[in-house]
Number of protein chains: 2
Amino acid sequence: MAKTLGTARHRALIALLIARREAAGLTQTELAAKLGEYQSFVARLESGQRRVDVVEFLQLAGLLGFDPHEAMDQLSRIQE
Amino acid sequence: MAKTLGTARHRALIALLIARREAAGLTQTELAAKLGEYQSFVARLESGQRRVDVVEFLQLAGLLGFDPHEAMDQLSRIQE
DNA sequence: AGAGCATTATCTGAATTTAAGATAACTGAA
DNA sequence: TTCAGTTATCTTAAATTCAGATAATGCTCT
């Protein structure tokens, strides 16, 4: 297991998060503020340098206003 | 963000993973083998000592035969 | 073109997490 | 109680992640 960074699903996850942040009209700095984190945190997340855990994903869905189970559905269709 | 370990959602996630592994009739050792990991890896996961990332969650869903988007739906209902 | 501003990416130690592998503890059946 | 199967914990090395700063990139306006 261990290395999920850079897999097709991970890349798709990132793309989804970026798209959702942009759709919400937020900058990395603004999202970071909502999360109580630095902008570099969001940058590392979105540049694939850091894994996204399940609980964080749910928080992000809440903040960005997307449906986590629908998003998961999309991701699950991607070939691992 | 950062600390998602031990949150209500994290505990629920773990409970779900354990239930699904048991429903699949697998021991930690057997699941570990499928994952290419040690039994202690699964133990740490299930005892809440390690975060579960989104991509791993999808892999686990595949191996344990559960629907990740349905599982996510359950988790998302839990108060954060 | 370029000045200025907003936005995103990268860098550097330090702190935190994670892993391997072994061993200990627990559980239940005979 | 003993034994086998299963799960939990320990140790230390390795890998991630972080804070905070700075650099790079991209707009927009003139």
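Being a predicted model, the structure only gives us computed values, none of them experimental. Just so it is clear: chains get the letters A, B, ... in the order the sequence lines come, proteins before strands, and each one is counted from 1.
- B/A15 meets the side-chain contact (heavy atoms from CB on, under 4.5 Å) test with no other residue; sequence neighbours excluded.
- Helix-axis bend for the helix from C/dA1-D/dT30 to C/dA30-D/dT1: the local axis fitted to the five terminal pairs at one end deviates from that at the other end by 40°, rounded to 10°.
- Residues that satisfy the side-chain contact (heavy atoms from CB on, under 4.5 Å) test with B/A12, not counting sequence neighbours, are B/L75, B/I78.
- Qualifying salt bridge (Lys or Arg N to Asp or Glu O under 4.0 Å) partners for A/D67, counting only residues two or more places apart in sequence or in other chains: none.
- Residues in residues 60-80 of chain A take part in these ring-ring contact (aromatic ring centres under 6.0 Å, His included) pairs, two or more places apart or across chains: A/F57-A/F66, A/H69-B/H69.
- Going from atom NZ of A/K3 over to atom P of C/dA19 covers 12 Å, rounded to whole Å.
- Rounding to whole angstrom units, CZ of residue A/R50 and P of C/dA9 are separated by 16 Å.
- By the 4.5 Å side-chain criterion applied to Ile, Leu, Val, Met, Phe, Trp and Tyr, A/Y38 is assigned to no cluster and stands alone.
- Applying the salt bridge (Lys or Arg N to Asp or Glu O under 4.0 Å) criterion to A/R44, with sequence neighbours excluded, gives no partner residue.
- For the pair B/R51 and D/dT16, the criterion of a side-chain N or O lying under 4.0 Å from OP1 or OP2 is not met.
- The side chain to side chain donor-acceptor pair (under 3.5 Å) search around A/T29 returns none, not counting sequence neighbours.
- Partners of A/Q74 according to the side-chain contact (heavy atoms from CB on, under 4.5 Å) rule, which considers only residues two or more places apart in sequence or in another chain, are A/L16.
- Summarising the geometry, the separation between CD on A/Q49 and P on C/dT8 is reported as 15 Å, rounded to the nearest angstrom.
- In this entry the distance linking CG of A/L5 with P of D/dA15 reads 14 Å, nearest Å.
- Within residues 22-32 of chain A, the residues that place at least one heavy atom under 4.0 Å from DNA chain C are, in residue-number order, A/T27, A/Q28, A/T29.
- Inter-residue side-chain proximity for A/E56 and A/R50 is flagged as met; some heavy-atom pair is nearer than 4.5 Å.
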> Once each nucleotide of nucleotides 20-30 of chain C is scored for protein heavy atoms under 4.0 Å, what B/S/- sequence comes out, 5' to 3'?
Replying inline: SBB--------
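- In this structure, B/R21 contributes its side chain and B/L26 its backbone to a donor-acceptor pair below 3.5 Å.
- As rounded to whole Å, 14 Å separates atom P of C/dT10 from atom CG of A/L45.
- For the salt bridge (Lys or Arg N to Asp or Glu O under 4.0 Å) test, no residue two or more places apart in sequence or in another chain qualifies with B/R20.
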